[in-house]
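Only a predicted model underlies this, so the values are computations on that prediction, with no experimental measurement involved. One-based numbering, in listed order, for ligands and for the atoms of each.
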Amino acid sequence: MARDHFATRLGFVLAAAGSAVGLGNIWKFPFMAGQNGGGAFLVLYLGFVLTIGLSVMLAEFTVGRAAQRNPVGAFRQLGGGVWPVAGFMGVAAGFVILSFYSVVGGWTIAYAIKALTGGLSASDPQVLGAAFGAFISEPVGVIGFHALFMVLTVWIVLGGIQGGIERAARVLMPLLAILVVILAVRAVTLPGADKGLQFFLAPDWSKVTWDTVNAALGQAFFSLSLGMGAMLTYASYLQRSADLPKTAVQVTLMDTGFAVIAGLMVLPAVFAFGFDAGAGPGLTFITLPAVFAQMPAGTVFAFLFFALLAIAALTSAVSILEPVVAYLIDERGIGRRTATLGMGAVIWLLGLPSALSLGPWKDVTIAKVLSLGPDWAEVNLVHKDILGAMDYLASNIMLPAGGVIIALFVGWAVSERAVREASAEGGGAFPLAGLWIFICRFVAPAAVLWVLINGL
Ligand code: PHE
């Protein structure tokens, strides 16, 4: 069967950027920076993005385009042997990520509706902060919006590549970018914002632990959509002509730019209003309504912001579901419709515990359920609430591990083919090919394994 393809390179850049830019930038990055010491986290994150992140992204692009297949099929075709295991790991990571991603995506839809119906119109920041707690502890609503978000994701994936993904990304991403900049300007000029700026931009190395380093690495992979085959799968829908190194640089810079500006939008406001920077996954939802309250036409901004964020989240969610579906279509001969509907339902079910985890199940952890003893005191994963544990498992373990395998694959198993693929068709060779392969062979695997071993 002929494969769907992106019509243009621009279409591909927008889809890849649509995958990268999402809740990872606007929801997760600010609260991770808040929990992990601010400036030092920012510097570590940028370091990982520009070295390992960029290289792994190019690795995924080249493998995907060379193979024209889903993650499992790509490793099977180009490498054979045990390499396809990496593809299966990626598909598994997709399940884990989308299960909680869809829950948070549901929060953004709920907040867009709240903005429309006047639910965010209090002016006292403390009241607005408390409103998130009330929202999250009401399971019926949270689960309903989780369902709605999943239905929308499935609906777009059913439309196939060009119909759904390209069109949405093209118009709405630039709008979201403009809005985030406006909000950052408002946040930075609030009275008392300077403490937040200092927290976010001036690294305090005394607070850095291996957990911080691991968190920054995981955030780099999560935010760039790396390590599970999302970028690989998108590149498999690409025709031969696009310049992959250039595309990788553009997508990476766009994604990182979004994250840094989102940090400027949230953290100065956190300090200006006297919130707790370490508040965790609710931080953006607690802080931004207080910022909107300080703006003329605040409810209009609030609606636009949460609606556009929901759409950015959808374009990312689509890229998480697509590799899973592509695997079932290419390798198992299942139809797109059955595969998409079935996986959407299974992943929605898998997300239910996460949906409950900030509310009724907020004290449920693996350690408590299994009554683990003091031997487990050092293992982060088992002490987190369910949403936090899912996120940690995916971002801090599965994605970096998947990224290492892709880097090793490109560095050692198929380096010649990958370099050829990275060189522009008709144009010259890729000038930094040597450096790229060196990073894939040695730097990325060594650095990631070192962080994983120390961080876990
Ligand atoms: N990068 C996306 C975001 O920042 C999330 C994502 C992770 C997408 C992994 C695909 C794969 O929201």
Sequence neighbours excluded, the answer for side-chain contact (heavy atoms from CB on, under 4.5 Å) partners of F271 is K195, F199, A277

- Item | Ring centre gap for F88 and Y327 strictly below 6.0 Å |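 Between Y327 and F88, which both carry aromatic rings, the centre distance is below 6.0 Å.
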
Enumerate, one pair per line, all nitrogen or oxygen atoms of ligand 1 lying under 3.5 Å from a protein nitrogen or oxygen, stating the separation to 0.1 Å; write 'none' if no such pair exists.
{"unit_1": "ligand 1", "atom_1": "1 (N)", "unit_2": "S19", "atom_2": "O", "d": "3.3"}
{"unit_1": "ligand 1", "atom_1": "1 (N)", "unit_2": "A20", "atom_2": "O", "d": "3.1"}
{"unit_1": "ligand 1", "atom_1": "1 (N)", "unit_2": "F222", "atom_2": "O", "d": "2.8"}
{"unit_1": "ligand 1", "atom_1": "1 (N)", "unit_2": "S223", "atom_2": "O", "d": "3.0"}
{"unit_1": "ligand 1", "atom_1": "1 (N)", "unit_2": "S225", "atom_2": "OG", "d": "2.9"}
{"unit_1": "ligand 1", "atom_1": "4 (O)", "unit_2": "A20", "atom_2": "O", "d": "2.9"}
{"unit_1": "ligand 1", "atom_1": "4 (O)", "unit_2": "G24", "atom_2": "N", "d": "3.2"}
{"unit_1": "ligand 1", "atom_1": "4 (O)", "unit_2": "N25", "atom_2": "OD1", "d": "3.4"}
{"unit_1": "ligand 1", "atom_1": "12 (O)", "unit_2": "L23", "atom_2": "N", "d": "3.1"}
{"unit_1": "ligand 1", "atom_1": "12 (O)", "unit_2": "G24", "atom_2": "N", "d": "2.8"}
{"unit_1": "ligand 1", "atom_1": "12 (O)", "unit_2": "Y101", "atom_2": "OH", "d": "2.4"}

Distance-only check: which donor-acceptor pairs under 3.5 Å involve side-chain atoms of residues 439-456, not counting sequence neighbours?
{"unit_1": "R441", "atom_1": "NE", "unit_2": "G411", "atom_2": "O", "d": "2.7"}
{"unit_1": "R441", "atom_1": "NH2", "unit_2": "G411", "atom_2": "O", "d": "3.3"}
{"unit_1": "N454", "atom_1": "ND2", "unit_2": "W450", "atom_2": "O", "d": "2.9"}

- Message: Are the side chains of V154 and L321 in contact, using a 4.5 Å heavy-atom criterion?
- Response: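 Yes; the side chains approach each other to less than 4.5 Å.
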
Item to complete: Go through the structure and list residues passing side-chain hydrogen bond (donor to acceptor under 3.5 Å, both in side chains) with K207, not counting sequence neighbours.
Response: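 By the side-chain hydrogen bond (donor to acceptor under 3.5 Å, both in side chains) rule, K207 matches D204.
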
Determine the interplanar angle of the F292 and F305 rings, folded into 0 to 90°, and report it as parallel if under 30°, tilted if 30 to 60°, perpendicular if over 60°.
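Tilted.
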
